[in-house]
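Counting convention: from 1, in listed order, for ligands and their atoms alike.
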Amino acid sequence: PVAATASAPKTPRQPTARLGHNTPMLVLYGSNLGTAEELATRMADLAEINGFAVHLGPLDEYVGKLPQEGGVLIICASYNGAPPDNATQFVKWLGDDLPKDAFANVRYAVFGCGNSDWAATYQSVPRFIDEQLSKHGARAVYPRGEGDARSDLDGQFQKWFPAAAQVATKEFGIDWNFTRTAEDDPLYAIEPV
Ligand code: FMN
C-alpha cells in the first residue's frame with residue numbers, strides 16, 4: 001500500500017466529500033530495473049490524492065486475485081519477449097486455460113514500458129496482458145499505452161496517463177481534479193491510533 005503521510009497535521013482537515021469516494025484502485029507493475037515501478041508509484045500517488053483507495057504492488061502478488069471492484073492499472077516492461085521477474089507468475093497464469101468469463105467484472109488499463117530496439121518483441125508482454133484480460137471478459141476502460149525508451153517513454157506516459165485517468169474516473173462517476181498533484185497536501189491525514 002502507498003504509505004500514509006508521515007507528517008500528519010495535528011488538526012486533520014475534513015475530507016472533501018466529492019473526492020472522498022474511496023473507489024478501490026489496484027496499481028500493479030512488472031519491472032526489473034525500476035522504470036515501470038516508478039511510473040506505477042506515480043500513478044498510485046496521484047490516484048490516492050484524488051480520493052481512491054489505492055494498493056500498489058508487483059503483478060506476481062495478484063496471481064489469481066484480480067479485484068472485481070474498482071479499477072486495475074497495470075504497467076509492465078518486457079525482456080526479450082519475457083516478463084520481468086516480478087511478473088513471471090502473473091503472465092504464466094494469464095496464459096493458463098482460464099474460463100472465458102474469468103475477468104468478467106474487471107475494469108483495467110495497461111501501459112507498457114518498452115524499447116523498439118527489440119523490434120520483434122516490442123511491447124510483447126503488456127500487449128499479451130491486455131489481450132488475455134480482454135479475451136476473458138475484462139473491460140479496458142482506456143486503450144493500452146506504449147512508452148518507448150528509445151524515444152520518449154516519460155513523455156508518452158505523461159500524455160497517456162491524464163487521458164486514461166479522465167476516462168477511467170468518468171467510468172467510476174468521479175471528477176478527477178487535475179489541479180491536484182503530488183506536491184499538494186493529501187486530502188486526508190492518517191492519524192495514528
Ligand atoms: N522492450 C520491449 O518492448 N521488448 C523487449 O523484448 C525488450 N527486451 C529487453 C531486453 C533487455 C536485456 C533490456 C535491458 C531491455 C529490453 N526492453 C525490451 C526494454 C525494457 O522493457 C524497457 O527499457 C523498460 O522500460 C524497462 O522497464 P523496467 O525498468 O521497469 O524493468
Worksheet item: Any idea which protein heavy atom is nearest atom 30 (O) of ligand 1, and the distance to it?
Response: Ser31 OG, 2.5 Å
Worksheet entry | 4.0 Å heavy-atom contact, Ser124 with ligand 1 | no
Worksheet item: Just distances here: any N/O of Gln123 and N/O of ligand 1 closer than 3.5 Å?
Response: yes
Worksheet entry | Contact check: Ala149 vs ligand 1, nitrogen or oxygen atoms, below 3.5 angstrom | no
Worksheet item: How about Tyr122 and Asp148: do any of their side-chain heavy atoms sit closer than 4.5 Å?
Response: yes
Worksheet item: Which protein heavy atom lies closest to atom 25 (O) of ligand 1, and at what distance to 0.1 Å?
Response: Cys113 CB, 3.4 Å
Worksheet item: Shared ILVMFWY cluster between Tyr108 and Tyr142, side chains joined below 4.5 angstrom?
Response: no
Fill in: Co-membership, hydrophobic cluster, residues Val167 and Leu26, 4.5 Å side-chain
no
Worksheet item: Judged by atom type as modelled, is there a donor-acceptor pair below 3.5 Å linking the side chain of Gln123 to the main-chain atoms of Ser116?
Response: no
Practice prompt. For ligand 1, indicate whether the residue Asp117 contacts it via side chain, backbone, both or neither (heavy-atom separation under 4.0 Å).
Written response: neither
Worksheet entry | Intermediate values then yes/no, ring pair (Phe, Tyr, Trp, His ring centres under 6.0 Å), Phe111 and Phe157 | CA-CA 8 Å; Phe111 185 87; Phe157 173 78; 5.4 Å; yes
Item to complete: Return the residue, atom name and 0.1 Å-rounded distance of the protein heavy atom closest to atom 4 (N) of ligand 1.
Response: Thr121 O, 2.9 Å
Worksheet item: Is there any N or O on Ala36 that sits under 3.5 Å from an N or O of ligand 1?
Response: yes
Worksheet item: So how far is it from Arg127 CZ to Glu146 CD, rounded to the nearest 0.5 Å?
Response: 6.0 Å
Worksheet item: Counting both backbone and side chain atoms, is some N or O of Glu37 under 3.5 Å from an N or O of ligand 1?
Response: no
Response to the item:
CZ of Arg150 to CG of Asp117, rounded to nearest 0.5 Å, is 4.5 Å
Worksheet item: Is there a side-chain contact between Val106 and Val72, using heavy atoms and a 4.5 Å cut-off?
Response: yes
Fill in: Heavy-atom nearest neighbour in the protein, as seen from atom 21 (O) of ligand 1, with distance rounded to 0.1 Å
Ser78 O, 2.8 Å
Discussion item. Pairing donors with acceptors under 3.5 angstrom, does anything connect the side chains of Asn86 and Tyr29?
Written reply: no
Item to complete: Say whether Ala77, considering both its backbone and side-chain N or O atoms, lies within less than 3.5 Å of an N or O atom on ligand 1.
Response: no
Worksheet item: Does Gly81 come within less than 4.0 angstrom of ligand 1, counting non-hydrogen atoms of the residue?
Response: yes
Fill in: Distance filter under 4.0 Å to Leu33 heavy atoms, resulting ligand 1 atoms
28 (P), 29 (O), 31 (O)
Discussion item. Donor-acceptor check, side chain of His55 to backbone of Pro24, threshold 3.5 angstrom: yes or no?
Written reply: no
Worksheet item: Can you name the closest pair of heavy atoms from Asn80 and Thr121 and give their distance?
Response: C-OG1, 4.0 Å
Worksheet item: What residue and heavy atom of the protein are closest to atom 19 (C) of ligand 1, and at what distance?
Response: Asn115 CB, 3.5 Å
Worksheet entry | Shortest protein heavy-atom distance from atom 11 (C) of ligand 1, along with the residue and atom involved | Trp118 CZ2, 3.3 Å
Discussion item. Any side-chain to backbone donor/acceptor pair from Ser78 onto Val125? Under 3.5 Å, distance only.
Written reply: yes
Worksheet item: Purely on distance, is any nitrogen or oxygen of Gly114 under 3.5 Å from one on ligand 1?
Response: no
Fill in: atom 31 (O) of ligand 1 - nearest protein heavy atom and its distance
Tyr79 OH, 2.4 Å
Discussion item. Contact between ligand 1 and Leu153 is defined here as a heavy atom of the residue under 4.0 Å from a ligand atom; is it met?
Written reply: yes
Worksheet item: Which atoms of ligand 1 have any heavy atom of Asn80 under 4.0 Å away?
Response: 5 (C), 6 (O), 7 (C), 8 (N), 9 (C), 10 (C)
Worksheet entry | Enumerated ligand 1 atoms positioned under 4.0 Å from heavy atoms of Thr35 | 25 (O), 27 (O), 28 (P), 29 (O), 30 (O)
